[in-house]
*Asks:* 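Handing you a structure now.
Fair warning: this is a prediction, and the values are worked out from it, not measured in the lab.
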Amino acid sequence: MSRVLVNTHLSWRRRFWRRELPTEAPPETVVPDDQIGMTDERAALWAALGRLPPRQRAVLVLRFFEDLPESAVAEILNCSIGTVKSQSSKALAKLRIDPEIAPPAVASRMEGELG
C-alpha cells in the first residue's frame, strides 16, 4: 500500500514538472482562420475540378495531385504525351477563369480576353 502512495506522489510531481494539469474535459482546439480559409479554397478547387470534362480532370489530378510525369499520365490514359500537355493546358485555362476560384479581377480580365 505504501508503494502505491509513493508512486502516486511521484507521478503527480512528474506531471507538475511537465506543467500538465489534469482536467475534467480536454481543452477545445482552435483552428486558425487561415486553415479554415484553406479548407474552403480546397473545397472550391475540388468543385471546380468536378466541372471540368472527365479527361481534363483526370490529367490534372494525375499530374498535379498524384505528381506523375507526363509519360506516366499518357500511359495510364492511353494517349500521347502531346494530348496530356494540351488537355492540361486547356484545363488550367478553364480553372483560371472559373469564377468560384479565381479572384474577381482576374476572372473578368480573362473573360474579356477570351470573349
Side-chain angles (χ1 to χ4, degrees):
M1 180 75 164
S2 63
R3 188 69 185 155
V4 171
L5 292 173
V6 170
N7 286 341
T8 303
H9 176 71
L10 291 176
S11 174
W12 179 83
R13 287 193 61 159
R14 285 187 199 116
R15 263 187 263 137
F16 182 73
W17 179 77
R18 292 183 188 153
R19 303 289 188 248
E20 291 179 8
L21 299 174
T23 60
E24 290 183 21
E28 292 184 24
T29 57
V30 177
V31 178
D33 289 338
D34 56 335
Q35 284 185 354
I36 293 172
M38 287 174 48
T39 303
D40 293 342
E41 289 173 2
R42 186 176 297 127
L45 178 60
W46 279 109
L49 282 171
R51 290 188 291 273
L52 292 175
R55 194 164 188 97
Q56 290 179 3
R57 180 177 42 230
V59 167
L60 289 186
V61 169
L62 291 172
R63 280 285 291 135
F64 300 108
F65 288 91
E66 295 295 325
D67 201 25
L68 295 175
E70 291 168 343
S71 58
V73 174
E75 186 176 321
I76 290 170
L77 297 178
N78 197 23
C79 63
S80 70
I81 293 175
T83 301
V84 171
K85 290 179 181 181
S86 68
Q87 292 294 305
S88 177
S89 176
K90 289 175 185 178
L92 290 173
K94 284 184 181 181
L95 288 179
R96 283 186 195 104
I97 62 170
D98 189 310
E100 299 295 321
I101 60 172
V106 173
S108 63
R109 189 179 78 231
M110 292 296 288
E111 287 173 354
E113 291 174 2
L114 294 176

*Asks:* I need the Arg51 CZ to Gln56 CD distance, nearest 0.5 Å.
*Replies:* 13.5 Å
*Asks:* Starting at OG of Ser88, measure out to CD of Glu70 and round the result to the nearest 0.5 Å.
*Replies:* 7.5 Å
*Asks:* Contact between Lys94 and Pro53 at the side-chain level, heavy atoms closer than 4.5 Å - yes or no?
*Replies:* yes
*Asks:* Considering only residues two or more places apart or on different chains, which pairs with a residue in residues 50-70 satisfy ring pair (Phe, Tyr, Trp, His ring centres under 6.0 Å)?
*Replies:* Trp46-Phe65
*Asks:* Could you report the tightest heavy-atom contact between Cys79 and Arg55, atom names first, then the distance?
*Replies:* CB-NH2, 2.9 Å
*Asks:* Measure the CD-CG distance between Gln87 and Leu52 for me, rounded to the nearest 0.5 Å.
*Replies:* 10.0 Å
*Asks:* Using links of under 4.5 Å between side-chain heavy atoms of ILVMFWY residues, direct or through other members, which residues join Ile81 in one cluster?
*Replies:* none
*Asks:* Taking all non-hydrogen atoms of both residues, which atom of Ile101 and which atom of Leu45 are closest, and how far apart?
*Replies:* CG2-N, 3.9 Å
*Asks:* Applying the 4.5 Å side-chain criterion to the ILVMFWY set and letting contacts propagate, would Val84 and Leu92 be lumped into a single cluster?
*Replies:* no
*Asks:* In terms of hydrophobic clustering (I, L, V, M, F, W, Y; side-chain heavy atoms under 4.5 Å; direct or indirect links), are Val73 and Val61 co-clustered?
*Replies:* no
*Asks:* Dump the intermediate steps for side chain to side chain contact (heavy atoms under 4.5 Å, CB included) on Thr83 and Leu77, then the final yes or no.
*Replies:* CA-CA 10 Å; Thr83 301; Leu77 297 178; over 6 Å; no
